Amino acid sequence: FAAVAPSGTADFVASGAISSGEVVTLQSDGTVTLCTATGSAGPNSVGSNVTYLQSTFDSNSNKVILSYKDNSVDRLKVTVGTISGTSISFGTPVIVEAANIFDPAITFDSNSNKVVVAFSSTNGGQGRSYVGTVSGTSISFGSMSVFNAGSAVELDLVFYPTSNKVVVVFRNGTNNTGEYCVGTVSGTSITWGSVGQITGSTAEQPQIVYNSTENKLVVFYRSTSNYGQSRVGTLSGTTISWGSSVQYGAGAAYYQRATSIEGTSKVAVLYRETSTGDPISIQVGTISGTSISSYGSKVVVDDASGSTTQSYDQDIAYDETSQRVLIGYKSTVSKPTYPCVQLASISGTSISLEGTIYDIETQSVTTNSGVQYLNWAYDSNNENYILSYTDNNGTSSPATSNTFSIGNGSNFIGVASESISDTATGEVTILGGINESLTGLTVSADYYISPNVAGGVSTSTGSNIKIGRALSATKLLITQGNTQ
């Protein structure tokens, strides 16, 4: 082989210890660190005959908490998941309500370090709630509290941290109006204020998010004539004042899911739009005072034209660190019935899909129902995400959770030519260079960032980020990467 020009290597300061032959990424401060791939690990399953699945993360105990209806006994159950690396082990599910329930919702109160669950006591029954305390791999609940003696269906919950309140939104099952209630957790119980109204007209499938920049709540719902509407809420005590409604989508929108774009005054809403054939679409709106000033143009995530869709088979989250939106959904076109993830970036109210579709399971879920009740929880301890869903596999239909990490591989710079201690300076083989620190390579094979091992290389294309090509068992030509 010809001699490598000096441009084939460069010296960098390490952030964290790096071993010879490990792939590194360039950080914003000019240092390099181990390269990690974007992708998922799992699946991890619990329970059977699961419907109405929801999840939250308990940042006090560092556990993921799943709530769901066990259809075999018509009971509300909650289970605690312990996260170790990329795997999750679940404790024994606990029965919360020994009666038929519908539409459960769950959130974590970080002030009291308690889990709050709310639900409809029967199909269209009164709104009830419990406060849970996590201990080890189990959870115990206090006494039941009623937040609405009338009919409460299609619930959603959010924690309002600046006032240490829990807010529940729901549809009144009698007259279909949108309503809310504000609660305060004390010990193992919750005290609710009076029921208030979001809108006097139809408000189906309400979803609520909290935006910390504006210290506002935003509710999304399906209105009269099935149009998607949103309102900004201002909390005072146990009362919320709502601004004017602003429409998103061009036609009938349903199964909306939303997230706050933290660090900004923006929110994003994901929904299906029936007037154009059931595609999954996304839009970004800006909070201005007591309303949404405008929504940007919609972007179609998955064109589900002609498909039979299921309830809540999509969800959305925002990663403030990488400033990207995570879209989890059941694909109906590109990878039929797979649970998938796409990432997107936001500029103003414009949103751009990054193109790569990440498979969350290795094979299709082939039953008629397929994947349902997808929802995200953020693991603040490990700084990654957990995507949970029901896997209607035609037999046990368990709740399934997968970890999903956003890697730093898009900024990979090269492969370490030598071991570099933390804060020390060392040599890295960069674009155009030949690294001779690896062994066991397959001649002429293309190598990629390992989807499973930080700093590793692999012939697997799972990470979708190519590094280079093996010239021999110990020589890797770096054909991709950033330049200084």
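Worth knowing before you read on, the calculation uses all heavy atoms, side chains too, and leaves out hydrogens, waters and symmetry mates. Quantities reported herein were computed from a predicted structural model and do not represent experimental measurements.
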Test log, rule side chain to side chain contact (heavy atoms under 4.5 Å, CB included), inputs V78 and V115: CA-CA 10 Å; V78 172; V115 174; 5.7 Å; no
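- Note that the CG atom of L66 and the OG atom of S55 stand 6.0 Å from one another [nearest 0.5 Å].
- Between Y373 and Y52, the two ring planes are tilted [angle within 30° to 60°].
- There is no side-chain donor-acceptor pair under 3.5 Å between Y389 and D313.
- For the residue pair S265/E214, the side-chain donor-acceptor check at 3.5 Å is satisfied.
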I would like to know whether R469 and D446 meet salt bridge (Lys or Arg N to Asp or Glu O under 4.0 Å); could you show each step before the answer? CA-CA 4 Å; R469 174 167 291 187; D446 290 329; 2.9 Å; yes
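- Test R272, K330, Q256 against Q314 for side chain to side chain donor-acceptor pair (under 3.5 Å) and you get one pass: R272.
- No side-chain donor-acceptor contact under 3.5 Å links S288 and T286.
- Between Y180 and F170, the distance from one ring center to the other does not fall under 6.0 angstrom.
- The OG atom of S201 sits 8.0 Å away from atom CD of Q229, with the distance rounded to the nearest 0.5 Å.
- With values rounded to the nearest 0.5 angstrom, N402 atom CG is found 6.5 Å from N44 atom CG.
- The ring-ring contact (aromatic ring centres under 6.0 Å, His included) test with Y271 singles out one residue from Y248, Y329, Y254, Y255, and that residue is Y248.
- Under the 3.5 Å distance criterion, the side-chain polar atoms of E273 are matched with a main-chain donor or acceptor of A250.
- Side chain to side chain, T33 and S15 fail the donor-acceptor criterion of an N or O pair below 3.5 Å.
- To the nearest 0.5 Å, the span separating CD1 on I346 from OG1 on T264 amounts to 7.0 Å.
- Donor-acceptor pairing under 3.5 Å is recorded for the side chains of S212 and E262.
- The distance between the ring centers of F57 and Y378 does not fall below 6.0 angstrom.
- Looking only at distances, a side-chain donor or acceptor of S120 sits under 3.5 Å from a matching main-chain atom of A152.
- To the nearest 0.5 Å, atom CZ of residue R324 and atom CG of residue L343 are 5.0 Å apart.
- Using modelled atom types and a 3.5 Å distance limit, the side chains of S380 and S59 yield no donor-acceptor pair.
- The shortest side-chain heavy-atom distance between S281 and L270 does not fall under the 4.5 Å cut-off.
- For the residue pair K216/T234, the side-chain donor-acceptor check at 3.5 Å is satisfied.
- The cationic atom of K69 (NZ for Lys, CZ for Arg) lies less than 6.0 Å from the six-membered ring centre of F102 and within 45° of the ring axis.
- Under the 3.5 Å distance criterion, with hydrogens and angles disregarded, no donor-acceptor pair is assigned to the side chains of K165 and T238.
- Salt-bridge formation is detected for the pair D315/R257: a Lys NZ or Arg NE/NH1/NH2 atom is positioned less than 4.0 Å from an Asp or Glu carboxylate oxygen.
- A side-chain N or O of S129 and one of W192 form a donor-acceptor pair less than 3.5 Å apart.
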